[in-house]
Structures are given as C-alpha cells and as structure tokens.
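Beneath this line is the structure, given in structure tokens, with notes to follow.
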Protein chains: 2
Amino acid sequence: MDFELKILGSSSATPSFERHHTAQILTVGNQINLIDCGEGTQMQLMRYKVKHQRICNIFISHLHGDHYFGLVGLLSTMHLQQRTAPINLYGPKGLADILSLQFKYGGTQLPYPINFVEVDTTVCRKIFEDKFMTVHSLPMQHRVPCCGYLFKEKEKPRHLLKGKLPEFLTPPQLVRLKWGEDIRNEQGDILVRNEVVTTHPKRSRSYAYCSDTKYKEDILPYIQGVDLLYHEATFLSDMAHRAEHTFHSTAAQAASLAQKAQVKRLLIGHFSARYKELSPLLEEAQAIFPNTNLATEGKTVSVLE
Amino acid sequence: MDFELKILGSSSATPSFERHHTAQILTVGNQINLIDCGEGTQMQLMRYKVKHQRICNIFISHLHGDHYFGLVGLLSTMHLQQRTAPINLYGPKGLADILSLQFKYGGTQLPYPINFVEVDTTVCRKIFEDKFMTVHSLPMQHRVPCCGYLFKEKEKPRHLLKGKLPEFLTPPQLVRLKWGEDIRNEQGDILVRNEVVTTHPKRSRSYAYCSDTKYKEDILPYIQGVDLLYHEATFLSDMAHRAEHTFHSTAAQAASLAQKAQVKRLLIGHFSARYKELSPLLEEAQAIFPNTNLATEGKTVSVLE
C-alpha cells in the first residue's frame, strides 16, 4: 500500500518565482490528503499530475496566507468541475467564515458538501479516523493559532502462512488469526496457536507535519520515532534571533528535534525567500541529523512498509 | 508617454496549466494599474518582471474567484515587503469585507493604507481622476454585480512651435498657449494668436476593459472609438446558448461590439479551458473585426500617441 508524500510547494511567506507556497499531498493507500494549500496549489496539482477530484481530506495548519490562500480557488474549481463527492476540511477557527463569505459574494452554491471540522490547535487530539489511518492535531507555537498534523497508519493484520493453516479453518476464524487471536474449541483449548500460523504484520507508517512553529520540544512525545518528519526551517542559525521573533525555526532546530525524536527521516522546508541557494540550510541540518532532505517542489518521498 | 497594456492571464474560470486567470497591467505614464487579480497574479508579475511595488491602483471587476482570488496574496506580499505607499482599490461591494476578514484571522496589520472605493457596477460613472487619466466604471451584465473599466488619458497640452514664439512671452503665458488660449494685451487685443504658434496636442488615448459580460450593446456610447478594447470571448458561436446562459460572450459577439463601437483594436480573452487551440476564437472574431488579437499571457500592446 502506498504511503507517499509529494511536495507541491515549500516557500515561506514571500513567494519567489521558482518556489511556491506550502502545499503537500500525502497518499495513504488510495486516499489522497492535501496538507496546506498556498496560492497556486491548483496549478501545482496540474503540474505534478495530481487529480484534485481524488482529494478527500484537506488539512490546513493556520490562517497565514502562504498556507491557505489557494484553498478557495481549488474548492471553486472542484465546483466548476461538478464534484459531488464530499470533502473533509480540517482547520482552525475562521476558515469556514472566510470561505462562506467568498462563496456568498461569488454567488457560489457548491454541488458537493464540505464537512468542516474546526481544529483546536492547542492540543494533540485525534481528529480523523478511517479504516486505514488516524490523524492527530499537533500544537504548534506560532503568531496565530496553528497546528501540525500527525498521520499514522492503523495497525495492520498479521500475515497468514498459507502452508501452515489447517484446512478446517472458516473465514471468520482466518480473520481472527489475522488480528492476533488463537483459535480455540468450545472448551477453550487452543486448536491453532496464532504464532505458529502467522507472522508479524507489516508495520504501520507515520508522518508528522510541523509548520509553522518556533522550536518546541513539548511535541517530542507525539512525533517520537515517526518514519518521516517535515519540519519548517525558515532560517539558518545565524538568524536564530529572527526565527525566535517571528515564531519560526532554524534548520539546526528542525534537525535537533528530529534527532531527539529519533525519527527515521527529516524533510525541511518553508524556506525564506532570502535563500536563493538552499544547500546551506541542508548542510546545517545534516550536520545534526544526517538523514535530512530538502522539501523541494515535485519531490516525492515514499515510506516503505 | 507610455500607454501600454500587458496581459498576465486570460483564462476563464477553470484554469489550465498554461493559462492563468485574468489579470492585466495598464501603464499610463509612470502609473501602474492592475486590472483584476486572479489566483497566481503575484507570480505572474514576477514572471513578467512587473514590480508590484509600483502598482498604485487596482481595479477589480467582480467577485468571481478567477478575477480576484490573487488579490489578498498580492496585498499580503506588499505587506511583507514593507510597502508604505497607499494603494487605491476599486471593486464591488463585499471586497473590503472579504479582505478584512482574511487579514483579521491572519493577524495582519498592513503597514500601508488601502483606499477602498466601492464601485456601483450598474452605472457608467467617473471613479478616478488624476492629472494623467480618468477611469469610469462600465456596467457589465453578469451573474453577480460586475463592471468593466474605461481608462482615458486626459486632454494634453498643445505643441509649442519654438521657432515661432515671440521672445517676450513669459512662462505663464507659454502655459496658457499650451492649453489653447491666445495672448492678449490689457485692452484685449490679440498679441499672439494660438493657432500661429502651436499645433494640435497629441491625442488622448483610451482603453476599455469589458469582462465578464453577456453581449450588451448599451455600453456602445461609452466605448465608442476607443483605441483598444478588451472584451471577453469565453466561447465560440456554436456555444452561443451556453454563453447566454452563463452571462458570457462569444468571439463573434466581442467582434461585433468592436465593429459597432468603431474601436481601433480589439483584444479577446477569458477563454474557456475547453479550447486548447485558440485560433478558432481568433478567426471567428477576425471575420467580423479584422484588427483583433488574442490576449495571451505575456502579450504587450502599446497604444501610440
């Protein structure tokens, strides 16, 4: 099953011509999730051949324009293209009011429902669950209410060893074996011991999205050991004071958090437009956490099972 | 003096990857005017090397997203880049409310003033005047309140024939000659006859922007004889019924209006995304009004004096 992140944009507030504002696509199985939606995201979706019709969930971190000004345009295009499937929209207070006002003055009546869920950005809380994954909010510390998101695959079934399965097992019994149970007779005696006929399930993968925020260690328990961490790295360390003042992070801080959380892989992004060359940001982070990459546009990161 | 139109985008509601939503730059002298501001306009400004710092007036036709979803992002970037010069913003009712709500939730306090003027889209009325030009609203007929804009250079001074000017003329007298007066003595006798020492002034140029609208002949008196007319041409004539239904125009209708108004030149735009090739739209219009061009991105049209 796919568990894949695609970067559509990773520029911070002032856009530069080659770098678009923040937007990411996380594919989990056949489910397409959009994380943040800066201006021009619908064009970036076209550029990278992601069909917006397939997006089912949208997660907005906060109401600074570089993270959501493309949303109303994308929702309008879905409208023009006669979408009927509902869309789940998660974001902070105010987002629904802004969209409603724009649709009102545009005379727009959407032909599909938006299920808007206002996210409390101050707590880590499960906000989404289906049969494949859960999503938790991750409290960020920024100038306006802001949260990251933690995507986790749900526990997967154990793998059945077909050669070792007794023939008398019924389909419901096979399901119980997949979920770790032994098979017993009516007296409670074990007929088939789970560990003999199954092996460990494929592991559940996880992705944490942390933007925008100042360095914040209290999220460590939530992101511990994730397969992939995206963390904003707006500045180099020589601008740590400005990072602190604007509630952003440096590349070194992002790497330090990755190291402390023992994540498997780090992506940094949300680069200030002042950095024409991004390699100094990468080098600063890699000096602390070697398995770091730049979240450049068009990059795809697959997390293997 | 420059009188130049630059097309930044001319796609209708559904964007296609190669074509951006509507936005145009009209340069009159050293004054840069932005007409409509679809999503991604700030990136298009960068692409075509127009400095947004130099924009002094913004005219929004209506509150369909393809004409204004890029505005809040552009104003935000002006904010991030520490603009202090005021900006004049003209548009229909609702625009100020939408911007205010977005700035409120973004915690944005602009360091420059926006002088918002709510335009009555139902009448042709002068809404702007400075020493170089006037701007009038042009009532359009669309699904939501919508107006076009008519930009006219003001009357220019007559040209002084230096070899024919008597030496005794004072600077104030030269100014009076430039504006068509004769020079008289205290008794009222003509000392210098204007027509002897001056020639006709350079002519005043004009540009009419008409989008979005169904075919509407009652604007003919306002756009009569303009140097340049931009008129939307969303569809070919075989979709005239759809044009009527959606309050848009066909290429033939745009050309017919240009012909009836005896304009000098026509630009058509706001093409439906269904047309991969635009030449059929151009051919349809040119069959009626030969001096027609497509308003393709990056095109610059200079109106000579």
Side-chain angles (χ1 to χ4, degrees), chain A residues 9 11-21 38-49 62-82 91-95 97-108 142-146 247 272-273, chain B residues 9 11-21 38-49 62-82 91-95 97-108 142-146 247 272-273:
Chain A
S11 177
S12 72
T14 305
S16 63
F17 178 54
E18 304 79 7
R19 303 208 296 260
H20 288 77
H21 280 160
E39 183 175 353
T41 294
Q42 60 175 321
M43 286 79 158
Q44 291 294 86
L45 288 167
M46 281 186 266
R47 183 190 299 262
Y48 295 113
K49 302 193 191 319
H62 66 299
L63 297 185
H64 279 157
D66 54 324
H67 292 257
Y68 89 99
F69 280 168
L71 180 59
V72 66
L74 176 62
L75 296 174
S76 298
T77 296
M78 289 174 172
H79 160 226
L80 290 166
Q81 297 198 348
Q82 306 296 325
K93 177 178 166 63
L95 183 55
D97 289 349
I98 290 167
L99 294 173
S100 297
L101 194 65
Q102 290 181 295
F103 289 139
K104 173 188 147 191
Y105 281 112
T108 304
H142 198 45
R143 303 193 302 276
V144 295
C146 180
F247 290 74
S272 164
Chain B
S11 176
S12 72
T14 305
S16 63
F17 178 53
E18 304 79 9
R19 302 208 296 259
H20 288 78
H21 280 160
E39 184 176 351
T41 295
Q42 59 175 322
M43 286 81 158
Q44 291 294 88
L45 288 167
M46 280 187 267
R47 184 190 298 262
Y48 294 113
K49 303 194 191 319
H62 66 299
L63 296 186
H64 279 158
D66 54 325
H67 292 258
Y68 89 99
F69 279 168
L71 180 60
V72 66
L74 176 61
L75 296 174
S76 299
T77 295
M78 289 173 171
H79 160 226
L80 290 166
Q81 296 197 350
Q82 306 296 324
K93 179 178 164 63
L95 183 55
D97 289 351
I98 290 168
L99 294 174
S100 297
L101 194 65
Q102 290 182 295
F103 289 139
K104 174 187 146 192
Y105 281 112
T108 304
H142 198 44
R143 303 193 302 276
V144 294
C146 180
F247 290 73
S272 164

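Just so it is clear: chains get the letters A, B, ... in the order the sequence lines come, proteins before strands, and each one is counted from 1.
Atom CG of residue A/Asp97 and atom CD1 of residue B/Ile98 lie 12.5 Å apart, to the nearest 0.5 angstrom. Atom CE of A/Met43 is separated from atom NE2 of B/His21 by 6.0 Å, given to the nearest 0.5 angstrom.
Of all heavy-atom pairs spanning A/Tyr105 and B/Val144, the tightest one is O-CG1, 3.9 Å.
For the ring-ring contact (aromatic ring centres under 6.0 Å, His included) test, no residue two or more places apart in sequence or in another chain qualifies with B/His79.
Interface check for chain B: of the options A/Leu95, A/Leu45, A/Thr108, A/Leu101, the most heavy-atom pairs under 4.5 Å are formed by A/Leu101.
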Just list the side-chain donor-acceptor pairs under 3.5 Å for residues 65-74 of chain B, sequence neighbours left out, or say none.
unit_1, atom_1, unit_2, atom_2, d
B/Asp66, OD2, B/Ala13, N, 3.4
B/Asp66, OD2, B/His270, NE2, 3.1
B/His67, ND1, B/Asp36, OD2, 2.7
B/His67, NE2, B/Asp212, OD1, 3.0
B/His67, NE2, B/Asp212, OD2, 3.2
B/His67, NE2, B/His270, NE2, 3.2

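Only the backbone of A/Thr41 comes within contact range of chain B, with at least one heavy atom under 4.5 Å from a heavy atom of that chain.
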